[in-house]
A.B. asks: 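Supplied in structure tokens, the structure appears directly below.
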Amino acid sequence: MVPIAQQKIDLLEVSVYATRKEMGQAAADLGAARIRELLKERESVNIILGSAPSQLELYAALLTSGLDFGRIHAFHMDEYLGLAPDAPQGFGNYLKEHLFQHAGFRSVHYINGQADDPAAECARYAALLEAYPPDVIFEGIGENGHLAFNDPGVADFHDPARVKISNMDEVCRAQQVHDGCFASLEEVPRQAVTLTIPQLTPPEATLVITVPGPTKAQAVYHTLCGPITEACPASILRRHPHATLVLDRDAAANTGLVKV
């Protein structure tokens with residue numbers, strides 16, 4: 001899989017591929033290679049996955065990667081509060097449909113978006129993440145530059161928590177409609193449980209950030225070309241020692257990395 005452009009921006013490796021399928025395959029290859037390295041040294045590996053249509057090509061490629069999923073503990077990084085347990089928009093349900101039910105993971109740990117006490121649920125999930133520190137994190141970038149549900153105005157690069165309740169901003173909620181997950185903005189929940197920025201960017205983990213499509217081009221521009229600031233939460237990726245941003249041509253359109 002040969003990228004059409006590559007560049008290192010601060011500490012962040014950036015690779016651009018011609019199509020979404022090639023992008024997803026490259027991201028899966030990168031993450032799977034690191035998982036295999038770790039499995040040579042230990043019995044199991046811990047991963048965190050984002051839940052979004054932008055990750056579908058990644059999921060498909062992971063399923064055909066030949067990984068020993070029976071040695072992988074899986075987590076997801078955010079969940080709406082208040083949806084019905086079987087709602088297809090639920091991020092745990094989305095990952096189950098597109099990935100988890102097709103591979104025999106050693107364990108899958110879901111955030112409970114129906115918990116009676118969301119703060120207690122944050123504490124429960126944080127304790128699990130402490131017990132299973134992530135080795136590889138597969139994530140995306142939102143249209144507003146968010147990582148998980150750490151939107152501008154909520155994101156904290158030095159957040160003391162591992163998991164918290166987030167108030168979703170209007171750009172983030174509108175993205176859920178653009179992605180086809182909800183029919184209207186009124187249907188989109190206003191709160192979610194999210195892993196925090198420090199939990200999503202631990203320096204010892206390998207980060208694979210997969211971002212396709214023209215709707216993400218502006219967020220990618222701010223991530224790579226703007227200041228490192230909580231106004232664009234994804235900009236913090238440029239300080240990570242083991243992170244690769246994998247783009248398709250459309251997502252890279254505003255960066256100057258490719259001709260459009």
A.B. asks: Looking at Cys232, is its backbone amide N or carbonyl O close enough to the side chain of Thr229 to form a donor-acceptor pair, meaning the two atoms are under 3.5 Å apart?
C.D. replies: no
A.B. asks: What residues form a side chain to side chain donor-acceptor pair (under 3.5 Å) with Thr215, not counting sequence neighbours?
C.D. replies: none
A.B. asks: Which residue pairs satisfy the side chain to side chain donor-acceptor pair (under 3.5 Å) criterion with at least one member in residues 52-65, sequence neighbours excluded?
C.D. replies: Arg20-Glu57
A.B. asks: Do you see a donor-acceptor pair shorter than 3.5 Å between the side chains of Glu121 and Asn112?
C.D. replies: no
A.B. asks: Do Asp29 and Gln25 get their side chains close enough for a donor-acceptor pair, meaning under 3.5 Å?
C.D. replies: yes
A.B. asks: Are a donor atom and an acceptor atom from the side chains of His73 and Ser107 found within less than 3.5 Å of each other?
C.D. replies: yes
A.B. asks: Can you label the angle between the Phe100 ring and the Phe105 ring as parallel, tilted or perpendicular, going by 30° and 60°?
C.D. replies: perpendicular
A.B. asks: Who passes side chain to side chain donor-acceptor pair (under 3.5 Å) against Glu43, sequence neighbours left out?
C.D. replies: Arg106
A.B. asks: Between atom NE2 of His109 and atom CZ of Arg124, what is the distance when rounded to the nearest 0.5 Å?
C.D. replies: 9.0 Å
A.B. asks: Per the salt bridge (charged side-chain N to carboxylate O under 4.0 Å, His left out) rule, what does the pair list look like for residues 1-13, sequence neighbours excluded?
C.D. replies: Lys8-Glu13, Asp10-Arg238
A.B. asks: Check whether any side-chain N or O of His240 sits under 3.5 Å from a backbone N or O of Pro202 as a donor-acceptor pair, and report yes or no.
C.D. replies: yes
A.B. asks: Taking atom types as modelled, is there a side-chain donor on Asn144 or His146 under 3.5 Å from an acceptor on the other?
C.D. replies: yes
A.B. asks: Taking the inter-plane angle between the rings of Phe149 and Tyr80 on a 0 to 90° scale, is it parallel (under 30°), tilted (30 to 60°) or perpendicular (over 60°)?
C.D. replies: tilted
A.B. asks: Tell me which pairs pass salt bridge (charged side-chain N to carboxylate O under 4.0 Å, His left out) where either residue lies in residues 132-145, with sequence neighbours left out.
C.D. replies: Arg42-Asp135
A.B. asks: Output all residues satisfying side chain to side chain donor-acceptor pair (under 3.5 Å) with Gln114, sequence neighbours left out; order by chain, then residue number.
C.D. replies: none
